Undergrad: 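Got a structure for you, written out below as structure tokens; questions coming shortly.
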Amino acid sequence: MCGIVGAVAQRDVAEILVEGLRRLEYRGYDSAGVAVLDNNNLQRVRRLGKVAELAEALTREPVSGGTGIAHTRWATHGEPSERNAHPHMSAEHIAVVHNGIIENHVSLKTALEAKGHAFSSDTDTEVIAHLVVEELKNASSLLHAVQNTVKQLKGAYGTVIIDKNDPERMIVARSGSPLVVGLGIGENFVASDQLALLPVTRRFIYLEEGDVAEITRRSVDIFNTLGEKIVREIHESSANYDAADKGPYRHFMLKETFEQPESVTSTLEGRLGEHTVLEETFGNGAATLFHQVQHVQIVACGTSYHAGMVARYWLETYAGISCNVEIASEFRYRKSFVQPNSLLVSISQSGETADTLAALRLAKDLGYLGSLTICNVAGSSLVRESDLAFMTRAGAEIGVASTKAFTTQLVGFAMLTLAIGKHHGLTLDKQKELTAALKSLPRKLEETLELAKSIEGLAEDFADKHHALFLGRGDQYPIAMEGALKLKEISYIHAEAYAAGELKHGPLALIDAEMPIIVVAPNNDLLEKLKSNVEEVRARGGQLYVFADAASQFKSDDTMKVIQIPDVHPWLAPIVYTLPLQLLSYYVAIIKGTDVDQPRNLAKSVTVE
Ligand code: AGP
């Protein structure tokens, strides 16, 4: 949610910190701040609003120094305001940035106030700063004080602490919120996402749960929960430095929408044999596991959950294996029955979504055969904690609204369908047919994106609307849900999706001339059923927008606008039909003038529950 950057260097670090925050702003963006140490001088600048406001303040009030921490906030405790912005301080010498939620902050605050600490914010984070000051009274070093502090915290934290009285180091601690250490030459860094540090290094250490690390210019010492010094692997990142640039596009969302043919190509690359999928793609031992598996349980949130819903149709229809899909925040808090030989599949763009991660951790104790994650971020918690991982290779997705991450997740599921299916009776002929369809997918996506101009033309019709209804059937129902989510999250128009067969069980009452109804209608087995549902809407005066291929034979008239989508194998139609819905919500949001890449109240990576 929030973004963290820290640096210890010989050079001034303020620029590095602010550039890091810019790259993390997609994670949270209601306020931002930095604290920098220079010769025992602790300078703190915080601003309500975006990183640009902070950057401007720093041009007027420059700070200098080689040790610093910075933060961009997405409010959980305390309204967005300058006083609640991080870094938080105690005793004028400790400064702290934090990502996560300290669940026992109320009792800690009461105890700290009794000891004379005055709080200057409404955040849960501030307790960390005061606790460190308390612990420093007895500890031999800042490191020990932080180790003793984190033992008292309940909840989730990724935190970085600096001390004016000990300016050559920063102490970082991780539990439940990701932190990555960036290794430089004679300088070292930390961030909540490696993207923040790509301008300064390519070498990273991912901290594990419970790790506390002491970082100086020349050393990184990591300690586990027992306080033992440990060595963690160094990873060389090949992530694209330019990924955080918009290029010629007005918004990241538009850039990422248009990148889909390329991201799908990369996701497929080297993973398809002549007639089927290469199972090693999913990791060592995947083939054995897929042979044994008799049931798949999918857990995810938001858009990733919609990918899981499509996958259920595919796994049951093509791979001939039973599948359940559940929202991770529900799954994690209920007693569930585990079918024999079940595979737990988590899906996540970020790999850090708190509920999805908790669902995976819970599943480990429930007797699943194994776990697989479909994920876009290498080294993320879900990837590290799952038995198998399929990396989606979408590249960095910066827009809060998920686009290319979703379609590449679907590609991952399409490949999983083939991989499991071949152990469960999917014939060789069918494998060949589906593999060929997958190979032709990038071209189909390119053709679909050529419709952008005509979809932009539709957007005007939505700008003054307060509600919209999306309809689909079968594996297009989750696509209707995804279309509704996109429209509501970036244009703030209330949108709902229904399985079209459900219309007459309630939502039909909403239909009138003011209600736009968007229908995803490829020519498939359910088309005739869907056409009846469309007629139910038409008879009640609803304004229809139908996305369909030529074979579906819809015709535009006064009550219906038809947008013709290229023909595609019915299996992959959910992927192709996603694109026009993404474009529609984008162009509606443009007309409405909303903040497309950073819609209000949302954050890219939801690392708190
Ligand atoms: C959708 O556009 C959102 N970005 C959101 O629903 C997202 O899919 C959800 O928060 C899950 O995130 P994840 O894929 O990183 O786990």
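Whatever order the structure lists them in is the order used to number ligands and atoms, beginning at 1. Source: prediction; values computed, not measured.
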Undergrad: Not counting sequence neighbours, which residues clear ring pair (Phe, Tyr, Trp, His ring centres under 6.0 Å) with F290? List them please.
TA: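 Scan of F290 (ring pair (Phe, Tyr, Trp, His ring centres under 6.0 Å), adjacent residues dropped) gives F282.
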
Undergrad: E352 near ligand 1, heavy-atom distance under 4.0 Å?
TA: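 No heavy atom of E352 comes that close to ligand 1.
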
Undergrad: Between the side chains of T403 and Q260, is a donor N or O closer than 3.5 angstrom to an acceptor N or O?
TA: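 Per modelled atom types, T403 and Q260 side chains form no pair under 3.5 Å.
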
Undergrad: Within ligand 1, which atoms have a heavy atom of S304 less than 4.0 Å away?
TA: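 Going through ligand 1 atom by atom, the ones under 4.0 Å from S304 are 8 (O), 13 (P), 14 (O).
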
Undergrad: Just need the protein heavy atom nearest to atom 7 (C) of ligand 1, so name the residue and atom and give the distance.
TA: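 Going atom by atom, the protein heavy atom closest to atom 7 (C) of ligand 1 ends up being T303 N, 4.0 Å.
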
Undergrad: Is a donor from one side chain sitting under 3.5 angstrom from an acceptor on the other, for E326 and Y305?
TA: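 The criterion, which ignores hydrogens and geometry beyond distance, is not satisfied for Y305 and E326.
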
Undergrad: Would K561 count as a cation-pi partner of Y545, with NZ or CZ less than 6.0 Å from the six-membered ring centre and within 45° of the ring normal?
TA: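 No - K561 does not lie over the ring of Y545 by the 6.0 Å and 45° rule.
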
Undergrad: Looking at atom 10 (O) of ligand 1, what's its closest protein heavy atom, distance included?
TA: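 Its nearest protein heavy-atom neighbour is V606 CG2, 3.9 Å.
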
Undergrad: Applying side-chain hydrogen bond (donor to acceptor under 3.5 Å, both in side chains), which residue pairs with at least one partner in residues 469-481 are found, sequence neighbours left out?
TA: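 Listed once each, the pairs are R473-N533.
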
Undergrad: Please work out which of A307, C301, S402, S348 has its closest non-hydrogen atom nearest to atom 11 (C) of ligand 1.
TA: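 Looking at heavy atoms only, the winner is C301.
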
Undergrad: Considering only the protein, which heavy-atom contact is closest to atom 16 (O) of ligand 1, and what is its distance?
TA: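 Nearest neighbour among protein heavy atoms for atom 16 (O) of ligand 1, to 0.1 Å: T353 OG1, 2.4 Å.
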
Undergrad: Would you mind checking which non-hydrogen protein atom is closest to atom 4 (N) of ligand 1, with the distance to 0.1 Å?
TA: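 The closest heavy atom on the protein side is V400 O, 2.8 Å.
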
Undergrad: Between Q409 and T392, does any side-chain donor sit less than 3.5 Å from a side-chain acceptor?
TA: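 The answer is no; no qualifying pair exists.
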
Undergrad: Atom 15 (O) of ligand 1: which protein heavy atom is closest, and how many Å away?
TA: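 Ranking protein heavy atoms by distance from atom 15 (O) of ligand 1, first comes S350 OG, 2.7 Å.
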
Undergrad: Under 4.0 Å from any heavy atom of A401, which atoms of ligand 1 are there?
TA: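 With A401 as reference, the close atoms of ligand 1 come out as 2 (O).
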
Undergrad: Go through ligand 1 atom by atom and flag the ones less than 4.0 Å from a non-hydrogen atom of E489.
TA: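 So the atoms of ligand 1 that pass are 1 (C), 2 (O), 3 (C).
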
Undergrad: Under the side-chain contact (heavy atoms from CB on, under 4.5 Å) test against S346, which residue among I374, I298, L382, L372 passes?
TA: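 For S346, the side-chain contact (heavy atoms from CB on, under 4.5 Å) test succeeds with only one of I374, I298, L382, L372, which is L382.
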
